[in-house]
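Comments concern the structure below.
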Amino acid sequence: MPSPKAKNPGRSGGSPVLGSSNGRYEFMSLTKPLNRSSPPHLLQRQGSDPTTARLRASESPTRRRGSSSSTGSASGQGPSDEDGIRLNPSFIRVALSSLLAIDLWLSKQLGVCACEDSSWGSVRPLMKLIEISGHGIPWLAGTAYCLYKSDSAAGQEVMLNLFMGLMLDLILVTIVKAVVRRRRPAHNRMDMFATFSVDRYSFPSGHSTRAALCGRFLLAHLVLAAPLRVLVMLWAGLVGLSRVLLGRHNVTDVLFGFWMGYCQYNLVEMLWLSPQTLQGLLGQLA
Ligand SMILES: CC(C)=CCC/C(C)=C/COP(=O)(O)O
């Protein structure tokens, strides 16, 4: 039999709503959060009953805001400015998580050399060779050797600045990796040659920053014939591509790495050490 309270809704504690269970009616409050232990039939009833649906609609945050002020929402003129400000961050969040989901999916599809059993597993040794060609150790050692061997002041200046750029790159990539701490893709096998502890993180790709930085540096400071210039660009692109094919990185790690390396070259140009600056620095040290 229905409770007498059902005939007098709107008393303290919110509007009571009736739910039926085995012919009995029970009360539940609309203003309090639904108890987790509420039987499923009450949840179902709450959603399906038209009266209840109307009551629930009148409790929606938009309606509540509208009833206490004369905003556009309340007067039926569409979303107010306040609504717009609240919607934007969630739109950005949705857009970012969609981008990340696409990135993860695409990177997994492209990780075709992630191990020997992968679909392009036979190309893995070649990809690892490209990986070594963009590693920090050969680049630092090679630049130091050229600096030592160079007998012209101009050559020494270029090599010294390249060395400084490579060190700057290592420091900046270490900082960003330590701050962002994005894990490498799950399909990556951690069998890389000579890594630092931050190299367990993948954002940004250090090989890609180095490839972009060194590529720009070589194109700007070495007099190269056109085919060699194309080869330098091809090498830089292949280093980035190999990171994704080997499963070392997600696509966004490589794209950001290229952009970061490109910008780092501008920094090297800004901080360029001329022989005079160098002599001044060495004079101060002596
Ligand atoms: C030991 C030295 C001098 C450099 C480490 C180079 C390295 C292993 C970077 C990681 O690159 P990815 O972020 O592209 O995997």
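Source: prediction; values computed, not measured. First listed ligand is number 1; within each ligand, the first listed atom is number 1.
Proximity to G206 (heavy-atom distance under 4.0 Å) selects the following atoms of ligand 1: 11 (O), 12 (P), 13 (O), 14 (O). Residue R184 approaches ligand 1 through these ligand atoms, each under 4.0 Å from one of its heavy atoms: 12 (P), 13 (O), 15 (O).
The number of heavy atoms from other shown groups lying within 6.0 Å of CH2 (W272) is above 12. Applying the 6.0 Å contact sphere to NZ of K108 captures no more than 12 heavy atoms from other residues, nucleotides or ligands. Counting heavy-atom neighbours within 6.0 Å of F193 CZ, excluding the residue itself, gives a total above 12.
Nearest protein heavy-atom neighbour of atom 4 (C) of ligand 1: L170 CD2, 3.8 Å. Remark: minimum distance from atom 12 (P) of ligand 1 to any protein heavy atom is reached at H249 NE2, 3.2 Å. Summary of contacts: the protein heavy atom closest to atom 9 (C) of ligand 1 is D199 OD1, 3.7 Å. Summary of contacts: the protein heavy atom closest to atom 11 (O) of ligand 1 is H207 ND1, 2.9 Å.
Between S205 and ligand 1, at least one pair of N/O atoms sits closer than 3.5 Å. Where the criterion is an N or O separation shorter than 3.5 Å, residue side chain and backbone included, K177 meets it with respect to ligand 1. By the 3.5 Å distance cut-off applied to N or O atoms, S202 is not counted among the residues near ligand 1. The distance criterion of under 3.5 Å between nitrogen or oxygen atoms is not met by A194 with respect to ligand 1. Ligand 1 has no nitrogen or oxygen under 3.5 angstrom from a nitrogen or oxygen of H135.
Aromatic pair W259/F256: centroids less than 6.0 angstrom apart.
Ligand 1 does not have E131 within reach: every non-hydrogen atom of the residue lies 4.0 Å or more from it.
Proximity annotation for atom 15 (O) of ligand 1: of R210, R243, R200, R243 comes nearest, heavy atoms only.
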Open item on the list: With side chain to side chain donor-acceptor pair (under 3.5 Å) as the criterion, how do N250 and R184 come out once you've worked through the C-alpha distance, each side chain's angles and the decisive distance to 0.1 Å?
Closed with: CA-CA 8 Å; N250 296 304; R184 288 192 185 265; over 6 Å; no
Open item on the list: Apply side-chain contact (heavy atoms from CB on, under 4.5 Å) to residues L170 and L166 and explain how you reach the verdict.
Closed with: CA-CA 6 Å; L170 276 183; L166 287 167; over 6 Å; no
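Here the options are R243, R182, H207, the test is side-chain hydrogen bond (donor to acceptor under 3.5 Å, both in side chains), and the partner is D253; only R182 passes.
Scored by the side-chain contact (heavy atoms from CB on, under 4.5 Å) test, L231 finds L228 as partners (sequence neighbours excluded).
A salt bridge is defined here as a Lys NZ or Arg NE, NH1 or NH2 lying under 4.0 Å from an Asp or Glu carboxylate O, and R124 with D191 meets this definition.
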